[in-house]
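As the structure is a computational prediction, the values presented were derived from the model and not from experiment.
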Amino acid sequence: MNMNLNRLSRPADWPRAVLFDLDGTLVDPVPVLTRSANRLLEEERLEPLALNDIRNMAGCGSRALVREAFAARNIALAEPLLSRKADLFFRYYVELMTTHSVLREGAIEALSAFAEQGIRIAVVTNKPASMARRIVKHFGLSEYIGAINGGGSGTALKPAPDMLLQALSDFGVSGKDSLMVGDSPVDVAAAKAVPMVSIAICGKYSVHARHRLDADLIIDSLTSLPKAIEQLKGTV
């Protein structure tokens, strides 16, 4: 763990709500990104890329990933071909997102533990809400999650705080009584704008470098989340 906040006294029942990002936080999307990108390459009879290759390219959007995937095979994609390939990549991603995504270690355990304690849980993601609901349902997470706020609803995307504020409003919980858990700079920025405490996950499977995160606490996996919360409460 890497802490960069002043020790604050928080009540024993903190947090009353936990907001989770989806991709990279609860779910590892790199396997489906890899399969989708490799389908594009295979159609051009190009050698596929390894999982770690795609992991190093992820995090900046599908267009950038497609551009870098082809660049890795010494092909520069210019418009309008880049847009067509990016659209095709997205179609493959939607087709494969439930069969090739995997849950992050500790996801079920964290969600079930919070639910048992009566802590409200929401997913706040820039992914379209309809796609987020499919993924949540596929992995059997629906019973734990009280709200899914995502793109496509007209709410401003992270790093704007709007979808986080909406979830907190729906739960009737304030920012100071809540926690944001994500894996990217936009998650942290959205939490700061609420304002609310944030924890960032930056382990060996992360696509974002540790130095780019400015969360109140940085952990390596969801399995460290219970101890991180106790640390933020000042009890450890």
- Any side-chain heavy atom of Phe70 sitting closer than 4.5 Å to one from Leu40? yes

- Query: Do Pro185 and Leu213 touch side chain to side chain, with heavy atoms closer than 4.5 Å?
  - Reply: yes

- Query: Would a distance-only check, ignoring hydrogens and angles, find a side-chain to backbone donor-acceptor pair under 3.5 Å from Ser112 to Glu109?
  - Reply: yes

- Query: Got Phe20 and Leu222 here, is their nearest side-chain heavy-atom distance under 4.5 Å?
  - Reply: yes

- Transitively linked via ILVMFWY side-chain contacts under 4.5 Å: Met196 with Leu22? no

- Query: Do any N or O atoms from the side chain of Trp14 and from the backbone of Ile229 form a donor-acceptor pair under 3.5 angstrom?
  - Reply: no

- Task: State yes or no: do Leu217 and Val186 share one hydrophobic cluster built from I, L, V, M, F, W and Y residues joined by side-chain heavy-atom distances below 4.5 Å, directly or via other members?
- Result: no

- Would you say Glu105 has more than 12 foreign heavy atoms packed within less than 6.0 Å of its CD? no

- Query: Between Lys233 and Glu230, is the closest basic N to carboxylate O distance under 4.0 Å?
  - Reply: yes

- Locate the shortest heavy-atom distance separating Gly150 from Ser153; write the atom from each residue and the value. O-OG, 3.4 Å

- Query: Of the non-hydrogen atoms in Leu51 and Thr34, which two are nearest, and what is the gap between them?
  - Reply: CD1-OG1, 3.3 Å

- Is any side-chain heavy atom of Asp28 less than 4.5 Å from a side-chain heavy atom of Arg55? yes

- If you round to the nearest 0.5 Å, how far is CG of Leu111 from CG of Leu103? 8.5 Å

- Item | Arg120 backbone acceptor or donor facing Arg16 side chain under 3.5 Å | no

- Query: Can a salt bridge be assigned to the pair Arg104 and Asp183 using a cut-off of 4.0 Å between side-chain N and carboxylate O?
  - Reply: no

- Looking only at atom types and distance, does a side-chain atom of Gln117 sit under 3.5 Å from a main-chain N or O of Ala113, one as donor and one as acceptor? yes

- Query: Just by modelled atom types, is the Glu47 backbone N or O under 3.5 Å from a matching donor or acceptor in the Arg73 side chain?
  - Reply: yes

- Note on the structure: Paired with Glu79, the salt bridge (Lys or Arg N to Asp or Glu O under 4.0 Å) test is passed by just one of Arg67, Lys85, Arg63, Arg84, namely Arg63

- Message: Are the side chains of Leu65 and Tyr93 in contact, using a 4.5 Å heavy-atom criterion?
- Response: no

- Note on the structure: Separation between CZ (Arg35) and CD (Glu42), nearest 0.5 Å, reads 4.5 Å

- Evaluate the side-chain proximity of Met180 to Val194: yes if any heavy-atom separation is below 4.5 Å, no if none is. no

- Asp187 side chain to Ser184 backbone, donor-acceptor under 3.5 Å: yes

- Message: As an exercise, state the distance from OH of Tyr144 to CD1 of Ile121, rounded to the nearest 0.5 Å.
- Response: 9.0 Å

- Around atom CD of Glu43, are there more than 12 heavy atoms of other residues, nucleotides or ligands at under 6.0 Å? yes

- For Asp162 and Gln166, test the side chains for any donor-to-acceptor distance below 3.5 angstrom and give the result as yes or no. no

- Here the gap from Thr98 atom OG1 to Lys137 atom NZ, rounded to the nearest 0.5 Å, amounts to 11.0 Å

- Message: Any side-chain to backbone donor/acceptor pair from Arg10 onto Leu232? Under 3.5 Å, distance only.
- Response: yes

- Task: Look at the side chain of Lys158 and the backbone N and O of Val124, then say whether any donor-acceptor pair between them is shorter than 3.5 Å.
- Result: yes

- Message: For the backbone of Pro48 and the side chain of Asn38, can you confirm whether one donor and one acceptor N or O come within less than 3.5 Å of each other?
- Response: no

- Note on the structure: Here the gap from Ile201 atom CD1 to Ile219 atom CD1, rounded to the nearest 0.5 Å, amounts to 5.0 Å

- Query: Can you tell me if Arg91 and Ser36 form a side-chain donor-acceptor pair at under 3.5 Å?
  - Reply: no

